[in-house]
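Chain letters run A, B, ... following the sequence lines, proteins first and then strands; every chain starts at 1.
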Protein chains: 2
Amino acid sequence: MASATLQLIDTLRQHGYSNTRVRRMVFELVQQHDRLTPTEIYTALSDHIDRASVYRTIDLFEQLGIIQRLYSGWKYVLELSDNYSDHHHHISCQTCHKVVTLTAKQQLEDAIHSLAQSAGFSATGHQLEIRGICLDCQQGQSTSYQT
Amino acid sequence: MASATLQLIDTLRQHGYSNTRVRRMVFELVQQHDRLTPTEIYTALSDHIDRASVYRTIDLFEQLGIIQRLYSGWKYVLELSDNYSDHHHHISCQTCHKVVTLTAKQQLEDAIHSLAQSAGFSATGHQLEIRGICLDCQQGQSTSYQT
DNA sequence: CAAAAATTGCGACAAATTTGCATTAAACGT
DNA sequence: ACGTTTAATGCAAATTTGTCGCAATTTTTG
């Protein structure tokens, strides 16, 4: 079994939750296809999992810090939180809706942590979503919208 | 009339949209009470405005860059974009859901712009949402959840 | 102020999310 | 491994949220 799944099972146990087929399936789907909506998760797994279970699982995963919700570009999506995937940020093009994943620079990460500290918080995570215009669209070469 | 409202009217006209009662009411509500959900906006204005108009207005305002959507802490909310309010970020407590508004430091802002540039984007805006644990909760003094 | 254009309200609809409860699966102790 | 206990799931219904077409109203334009 993949190590991330073992980590999931461990987190579930630590908080007193069962290691179930539904939870493993949702987790592995989100792991393979980042930036999914609840409906997309349900559609992908509807042969095996009920709609209500998808929502209950998402809620639990968010509570446990396994996934995080974010409004990225133009829609709400889910992705694995930093504990389960490499920390990153997104920039999306206002014009063509293209989304690019960015690796954060240490300087930026440090600045964020120090900002949190100045408010008395111990930071556990963050999301940064940048909006802008991509090179293609700056040059008027955009042809299609990403869906 | 307040200057922000004049700015709204100007933006609407520049893009060929009418200056209507509905748009002014939604704008002024969002201005006064930041971090509202669409339903909260509708509830506050339901005596005067139809549900469909609320959604249509939100969509238009987002298109025009007047408001932005974000997932802050534990729910999706709307707030005025930077052109209509002071640029800021949020940090929310994982435990008690308290939200604190943070004034960004220039160093951080610069780092974000340079990150965008490295991907070939010209950045037009960004959202930073930090999660953490507030001082009260670190000391085990939290008593209630913010709603 | 009248005509044209855009916006809104309304009602019906569609999609998304939540809930209670019977059934099934997982965890636990032996 | 097996039966018991506890937790999770499926199912069906209800609720909530968001969308659409069109007639009525408001705003803009000349």
Side-chain angles (χ1 to χ4, degrees), chain A residues 1 5-6 8-30 35-64 66-78 147, chain B residues 1 5-6 8-30 35-64 66-72 74-78 145 147:
Chain A
M1 187 176 294
T5 303
L6 294 175
L8 165 75
I9 295 169
D10 195 49
T11 301
L12 289 171
R13 295 204 49 127
Q14 275 175 19
H15 291 84
Y17 294 103
S18 302
N19 164 18
T20 69
R21 191 181 57 89
V22 165
R23 288 170 186 163
R24 288 190 305 272
M25 289 187 76
V26 172
F27 177 80
E28 284 169 6
L29 181 69
V30 173
R35 306 172 53 74
L36 295 173
T37 63
T39 299
E40 286 167 345
I41 293 175
Y42 171 64
T43 302
L45 302 177
S46 57
D47 289 349
H48 308 284
I49 298 182
D50 184 70
R51 186 185 290 274
S53 296
V54 169
Y55 284 103
R56 286 187 284 231
T57 303
I58 289 171
D59 288 347
L60 178 65
F61 282 7
E62 193 187 11
Q63 254 187 26
L64 297 180
I66 294 167
I67 62 174
Q68 58 184 182
R69 300 176 200 241
L70 50 96
Y71 185 74
S72 177
W74 72 106
K75 63 174 182 175
Y76 299 117
V77 296
L78 302 166
T147 52
Chain B
M1 189 174 292
T5 303
L6 293 174
L8 165 76
I9 295 169
D10 195 50
T11 301
L12 289 171
R13 292 204 52 126
Q14 275 176 18
H15 291 84
Y17 294 103
S18 302
N19 163 19
T20 68
R21 191 181 56 89
V22 165
R23 289 170 186 162
R24 288 190 306 272
M25 289 187 75
V26 171
F27 178 79
E28 284 168 6
L29 182 70
V30 172
R35 306 171 52 74
L36 295 173
T37 63
T39 298
E40 286 166 344
I41 293 175
Y42 172 62
T43 303
L45 302 177
S46 57
D47 289 350
H48 308 284
I49 299 182
D50 185 68
R51 180 188 295 272
S53 295
V54 169
Y55 284 103
R56 286 186 284 229
T57 303
I58 289 172
D59 288 347
L60 177 66
F61 281 8
E62 193 186 10
Q63 252 188 21
L64 297 180
I66 294 168
I67 61 174
Q68 60 184 178
R69 300 174 201 242
L70 52 94
Y71 185 75
S72 177
W74 71 108
K75 63 174 182 176
Y76 300 117
V77 297
L78 303 166
Y145 281 76
T147 51

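Atom CG of B:L36 is separated from atom CG of B:L29 by 5.5 Å, given to the nearest 0.5 angstrom. Going from atom OG of A:S53 over to atom NE2 of A:H48 covers 13.5 Å, rounded to the nearest 0.5 Å. Distance OG1/B:T11 to CD1/B:I66: 5.5 Å, rounded to 0.5 Å.
If you measure from atom CD of A:E62 to atom C1' of C:dT17, you get 14 Å, rounded to the nearest angstrom. Atom C1' of nucleotide D:dA7 and atom CG of A:L60 are separated by 12 Å, given to the nearest angstrom. In this structure, the CD1 atom of B:I49 is 12 Å from the P atom of C:dC10, given to the nearest Å. Between the C1' atom of C:dT8 and the CE atom of B:M25 lies a distance of 13 Å, rounded to the nearest Å. The distance from atom NE2 of A:H15 to atom P of D:dA8 is 13 Å, rounded to the nearest whole Å. Rounding to whole angstrom units, CD1 of residue B:I9 and C1' of D:dT28 are separated by 14 Å. A straight line from OH of A:Y76 to C1' of C:dT17 spans 15 Å, rounded to a whole angstrom. One atom, OH of A:Y42, and another, P of C:dA15, lie 13 Å apart when rounded to the nearest Å.
Checking each of B:I49, B:T57, B:T20, B:I41 against B:M25 for a side-chain contact (heavy atoms from CB on, under 4.5 Å) leaves exactly one that passes, namely B:I49.
The shortest distance between side-chain heavy atoms of A:R56 and A:V22 does not fall below 4.5 Å.
Of the possible polar contacts, none joining the A:R51 side chain to the A:Y42 backbone as a donor-acceptor pair under 3.5 Å is found. The backbone N or O of A:Y76 lies less than 3.5 Å from no partner atom in the side chain of A:R69, so there is not a single donor-acceptor pair.
At C:dT17, one or more side-chain N or O atoms of A:Y55 fall inside 4.0 Å of OP1 or OP2 (strictly under the cut-off). For D:dT9, the OP1/OP2 oxygens have a side-chain nitrogen or oxygen of A:R23 closer than 4.0 Å.
Residue B:R56 is in base contact, counting any heavy-atom pair closer than 4.0 Å across all strands shown.
With hydrogens and angles left out, the side-chain atoms of A:Q14 and A:D10 include a donor and acceptor closer than 3.5 Å. A side-chain donor from one of A:N19 and A:R24 sits under 3.5 Å from a side-chain acceptor of the other.
Inter-axis angle, ends of the helix from C:dC1-D:dG30 to C:dT30-D:dA1, five pairs per end, rounded to 10 degrees: 60°.
For A:D50, taking side-chain heavy atoms from C-beta onward, the closest of the listed nucleotides D:dT17, D:dG10, C:dT17 is D:dG10.
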Quiz prompt | Summary of protein contacts for nucleotides 25-30 of chain C, nucleotide by nucleotide, where a base hit scores B, a sugar-phosphate-only hit scores S (4.0 Å, heavy atoms) | solution = -SSS--
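When each of A:R51 and B:D59 is assigned the nucleotide of DNA chain D with its nearest heavy atom, A:R51 is the one assigned upstream, toward the 5' end.
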